[in-house]
Asks: 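The structure is given below, and queries will be raised subsequently.
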Amino acid sequence: FLTAKHQVEDLENAFKLGGNDYLTKPFSVGELVSRIQNQLNMTNIGQKLESLRQIAEKLSHEKKSEKIMSFVFNEISEQLDLDGTCLLSDKTVEKSSFVDLSGNMESRNLEENCISFLNTIDEELTFFHTLGESDGLFNLISHQFPWSLAGSHWAFLKVEGLDEYIICLYKSNKSTGFSLIDIEYLKNLISELKGLLAGIRAQSMELSSNTKYVEVAKDLNRTVYIK
């Protein structure tokens, strides 16, 4: 809130009414804009933290990898301000959506050689900030789009244990690229998924051990000698 009042009780009342920050007059426009941007960033971070919590909660009982990645793909598409997304499974495009020059969403199929290149990416999170003509990705992908990709921004996400899937994220050259908040969100998302997969593996091992125990236990009353 922007106010000419600067007494302690005035500020206390303003915070009690739900204010998040204050600026007293006279003020500078630059400081006002910075404080507003700071509040927007805090709100953005809060929304992304809530998204991570919901992902962990909703996927806690899910064991099918295709459903896990499909849900994560949709959640990322909602949380980040993107101009295009693509979900790849082995050498197949599962889902694809890109904003064209008219501002409409359209589906595009990536060529097999481009998908093969993406499958060689080993890192869990790979960024191509401000794509240039000297980048290998640019030469593979630029001719598949009827608009210029020079200066665009790309991110590729894959998770150990779900190696057959890659999530591609695209921001056009008109955007500012992936922010630090975006990057931290994606890193935390990968950590959540790795924890989820570790839990699924542990449950599978426990079920397997229990099954073997039952197979042995039913014959114990007939066992005379064990060496």
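Remember, it's a predicted structure, so these values are computed and weren't measured experimentally.
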Asks: Write down the atom of H153, the atom of G151, and the distance for their closest heavy-atom approach.
Replies: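 Heavy atoms of H153 and G151 come nearest at NE2-O, 3.4 Å.
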Asks: Please determine whether a side-chain nitrogen of the Lys or Arg among E12 and K16 lies less than 4.0 Å from a carboxylate oxygen of the Asp or Glu.
Replies: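 Salt bridge flag = no for K16 with E12.
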Asks: Report, as yes or no, whether the 6.0 Å neighbourhood of atom CG on L17 holds more than 12 heavy atoms from other residues, nucleotides or ligands.
Replies: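 Atom CG in L17 is crowded, with more than 12 foreign heavy atoms closer than 6.0 Å.
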Asks: Is a side-chain donor or acceptor of K158 paired with a backbone partner of I166 at a separation under 3.5 angstrom?
Replies: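 Such a contact is absent between K158 side chain and I166 backbone.
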Asks: Is the number of heavy atoms from other residues, nucleotides or ligands under 6.0 Å of D81 CG greater than 12?
Replies: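 No, CG of D81 has 12 or fewer neighbouring heavy atoms, counting only those of other groups under 6.0 Å.
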Asks: Verify, without hydrogens or angle tests, whether D83 (side chain) and S172 (backbone) share a donor-acceptor contact under 3.5 angstrom.
Replies: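 Flag set: sc D83 to bb S172 pair under 3.5 Å.
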Asks: Minimum heavy-atom separation for M69 and L162, please, with both atom names.
Replies: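 Looking at all heavy atoms of both residues, the closest pair is SD-CD1, 3.5 Å.
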Asks: If you count the non-hydrogen atoms of other residues, nucleotides and ligands that lie under 6.0 Å from CD in E123, is the total more than 12?
Replies: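 No, not enclosed.
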Asks: Between I76 and T85, is there a side-chain heavy-atom distance shorter than 4.5 Å?
Replies: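 Of all side-chain heavy-atom pairs linking I76 with T85, none is under 4.5 Å.
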Asks: How long is the span from the CD1 atom in I167 to the OG atom in S77, to the nearest 0.5 Å?
Replies: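 Nearest 0.5 Å value for the CD1-OG distance: 8.0 Å.
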Asks: Check for me, please, whether M42 and L80 land in the same ILVMFWY cluster - side-chain distances under 4.5 Å, paths through other members count.
Replies: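 No, it is not one cluster - the side chains of M42 and L80 are not joined through contacts under 4.5 Å.
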Asks: Taking atom CD of E31 and atom CG of L2, what is their separation to the nearest 0.5 Å?
Replies: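 Here the rounded value is 10.0 Å.
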Asks: F127 and I183: which non-hydrogen atoms are nearest, and at how many Å?
Replies: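 The answer is CZ-CG1, 3.7 Å.
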Asks: Can you hop from L23 to L40 via hydrophobic side chains spaced under 4.5 Å?
Replies: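 As far as the 4.5 Å side-chain criterion goes, L40 and L23 are connected within one cluster.
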Asks: Using 30° and 60° as the class limits, which term best fits the ring planes of F98 and W154: parallel, tilted or perpendicular?
Replies: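 The rings of F98 and W154 sit tilted, inter-plane angle from 30° to 60°.
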Asks: Measure the NZ-CG distance between K25 and L32 for me, rounded to the nearest 0.5 Å.
Replies: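 So the NZ of K25 and the CG of L32 are separated by 11.0 Å.
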Asks: Tell me the closest heavy-atom pair linking H143 and N139, and the distance in Å.
Replies: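 Taking every non-hydrogen atom into account, ND1-O, 3.8 Å.
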Asks: Taking all atoms of both residues into account, what is the closest heavy-atom pair of C168 and L88, and its distance?
Replies: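 In this case the closest contact between C168 and L88 is SG-CD1, 3.9 Å.
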Asks: Between D182 and S179, do the side chains contain an N or O donor and an N or O acceptor separated by less than 3.5 Å?
Replies: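 Yes, a side-chain donor-acceptor pair sits under 3.5 Å.
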Asks: Is it the case that the side chain of D135 and the backbone of G132 share a donor-acceptor pair, with hydrogens and angles ignored and the cut-off at 3.5 Å?
Replies: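 Here the side-chain-to-backbone pair exists.
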Asks: With a 4.5 Å cut-off on side-chain heavy atoms, are S142 and E133 touching?
Replies: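 Side-chain contact under 4.5 Å: no.
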Asks: Judged by atom type as modelled, is there a donor-acceptor pair below 3.5 Å linking the side chain of N38 to the main-chain atoms of R35?
Replies: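 No, because the side chain of N38 does not come within donor-acceptor range (under 3.5 Å) of the backbone of R35.
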Asks: Just verifying a value: how many Å separate L169 CG and L157 CG, rounded to the nearest 0.5 Å?
Replies: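 Those atoms lie 7.0 Å apart.
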Asks: Say you draw a straight line from CD of E184 to CD1 of I181; how long is it, rounded to the nearest 0.5 Å?
Replies: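 Output value for this atom pair is 9.5 Å.
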Asks: Out of curiosity, Y170 OH to F156 CZ, how far, rounded to the nearest 0.5 Å?
Replies: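 Those atoms lie 11.5 Å apart.
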Asks: Given a cutoff of under 4.5 Å between side-chain heavy atoms of I, L, V, M, F, W and Y, with clusters grown through shared members, what are the other residues clustered with L11?
Replies: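 In the cluster with L11 are F1, F15, Y22.
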Asks: For the residue pair L149 and F138, what are the closest heavy atoms and their distance?
Replies: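 So the two residues come closest at C-CE1, 4.0 Å.
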